[in-house]
There are 2 protein chains.
Amino acid sequence: MRMSEGVEWGLHCCVTLAWLEAGTPVPTARLAAQYELPPPYLSKCLQALVRGGILVSSAGKKGGVRLARPPTEISLLDVVLAIEGSDYAFRCNEIRQRGMGSSAPASDFLQPCAIAAAMHEAERGWRKELAKTSLADLASSAPRKAVDSTRHFFAS
Amino acid sequence: MRMSEGVEWGLHCCVTLAWLEAGTPVPTARLAAQYELPPPYLSKCLQALVRGGILVSSAGKKGGVRLARPPTEISLLDVVLAIEGSDYAFRCNEIRQRGMGSSAPASDFLQPCAIAAAMHEAERGWRKELAKTSLADLASSAPRKAVDSTRHFFAS
DNA sequence: GGTCCATTACTCGGATAGCTGGTGTCCGAGTCGGACGGG
DNA sequence: CCCGTCCGACTCGGACACCAGCTATCCGAGTAATGGACC
C-alpha cells in the first residue's frame, strides 16, 4: 500500500498558502518552482483540491489558487481525501460468500464480515486522527525562519 | 490509495485455518477452491505470509500450510504488514528542503517535517488499532453455521 | 511379518506475461490587467 | 482628464503518452506417502 505523491505535494502547498495568509492567488507554477516539482503534474494534483472545495482558482493574469477557507477550518483529512479519493483503502469483496458450492442462502450473511468491520474500524480511527489536525496547526509549528524565507520567495 | 487484494485473501485464509485449528497442513489449492480464487496467485500471496513467519509450509504429499502460532498470537497487523510490506503508506521525500535556491543549510531542517510527523502519527494509531485484534477474535465472532460448513468442506 | 527402497503423485517456490492506475507532459479555452485611443 | 475598447499575456483545465506495481499464470525442484520386493 502506498500513498500518492500528490498528497505530500498538496499538503506542503496548502501549508505554504496558509503561511502567506493572503487573499491574493498564487500561480501553481510558482508553487512548483518552490519545491522543484513538475509544474503540470502539480497543477493536476491541485485541481483535485479545487474540486474538493479546499482551494479556489482564479484564471487570467494575477490568477492562481488560494485557500477556500481559513486554515483552521481545513484538516489534513480533507486534503488527503480530496486527492486520494474517499474510498476506504481496504475494500471487502465478500469473498466469504463465494465458493463451497455457492449454495449458501443470502440470509447467512446478514451480519457484516468481521474482517471488513475490523479493517474499516481501524481506518475510521486513522481518519479521525487526521481530522484532528488542521493546516493552522501545521503552519504554526514551523520555525519562523522557514516561514520568513518562504514569504520572501513569494514576495518577489 | 488502495490496499492489495491479497490482504483480504490472506486474512480470510488465516481465519479459516484458525477455525480448523488443526496441526494438519492445508493445501493452498484447497483454500483457493473455497473462495473461488485463482490458485497460483493465492499461493503467491500466502508465500508472503510464510516469509513473515505467520504461516509454515510443508512440501510433498499431505503437505500445505498451517498457522505458525496460536491464533491468539497473530494480529491483523501482522498479516497486513506481511503482505503489504512494513513501509508507511505516506513517505516523506523532504520536498521542503528543495527549491528556493536550495541554498538553505541542513541545520534548518533538524526538526522533523511536521506534515510527515502528523501523517505517521495517524498511521501509527491505525497500526495500533489493527494490532489489538487477533485472528482468534475474528474466528470466534463468526456464526457457528459458517464455521461448521467450512469444517465440513475441508474434511472431505 | 518386518524392513528397506524405488516409485509416484502431490506440494510449494520462483521466474515469467498482462493490465490497471499513478506519473509526467502537452496544448487549448478562458479571463483578467493594462495600454491605447477617443471623447 | 476620464472612459470604453482592444490587445496581449498569463492562468487554469482537460486530453494524451509513459512507467511501476499489482494481478494472473505457468512450470520446475523437492518431499513425504505408498506400494512392492527382499530378508
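Just so we're on the same page: letters track the sequence lines, and every chain starts at 1. Keep in mind the model is a prediction, meaning the values are calculated, not measured.
Among Leu55(B), Val65(B), Leu42(B), the one residue that satisfies the side-chain contact (heavy atoms from CB on, under 4.5 Å) test with Cys13(B) is Leu42(B).
Considering CD of Gln34(A) and CZ of Arg30(A), their distance stands at 9.0 Å, rounded to 0.5 Å. Atom CG in Leu76(A) sits 7.5 Å away from atom CD1 in Ile115(B) (nearest 0.5 Å). In this structure, Leu20(B) CG and Arg151(B) CZ are separated by 7.0 Å, a value rounded to the nearest 0.5 Å.
What separates CD of Gln47(A) from P of dT25(C) is a distance of 15 Å, to the nearest Å. Taking atom NZ of Lys61(A) as the reference point, atom P of dC32(C) lies 14 Å away to the nearest angstrom. Put simply, CG on Leu31(B) is 12 Å from P on dT11(C), counting in whole angstrom units.
Using a 4.0 Å cut-off between a side-chain N of Lys or Arg and a carboxylate O of Asp or Glu, Arg127(A) and Glu129(A) do not qualify as a salt bridge.
With Glu84(B) contributing its side chain and Ser4(B) its backbone, the two residues share a donor-acceptor pair below 3.5 Å. At distances below 3.5 Å, at least one donor-acceptor pair connects side-chain atoms of Thr16(A) with backbone N or O atoms of His12(A). Panel note: side chain Thr133(A), backbone Leu130(A); no donor-acceptor pair is recorded below 3.5 Å. Side chain of Asp148(A) to backbone of Lys145(A): no donor-acceptor contact under 3.5 angstrom is found.
Hydrophobic clustering (side-chain heavy atoms under 4.5 Å, transitive across Ile, Leu, Val, Met, Phe, Trp, Tyr) groups Ile83(A) together with Val50(A).
Both key distances under 3.5 Å define a Watson-Crick or G-U pair, and stretches of 3 or more such consecutive pairs in DNA chain C run C:1-39 with D:1-39.
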Between the protein and nucleotides 17-24 of chain C, list the N/O to N/O atom pairs that are separated by less than 3.5 angstrom.
from    : atom 1 : to       : atom 2 : distance (Å)
dT23(C) : OP1    : Glu5(A)  : N      : 3.3
dT23(C) : OP2    : Ser4(A)  : OG     : 2.5
dT23(C) : OP2    : Tyr41(A) : OH     : 3.0
dT23(C) : O5'    : Tyr41(A) : OH     : 3.4

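Mapping Pro40(A) and Lys62(A) onto DNA chain D by nearest heavy atom places Lys62(A) closer to the 5' end of the strand. Toward the 5′ end of DNA chain C lies the nearest nucleotide of Ala29(B), the other residue of the pair Ala59(A) and Ala29(B) mapping further downstream.
Checked against the 6.0 Å centroid criterion, the rings of Trp19(A) and Phe154(A) do not qualify as a close aromatic pair.
When heavy atoms are screened at a 4.0 angstrom cut-off, Arg51(B) is found touching the sugar-phosphate backbone but no base atom.
Along DNA chain D, read 5' to 3', the first and last nucleotides having any atom under 4.0 Å from a heavy atom of chain A are dC10(D) to dG14(D).
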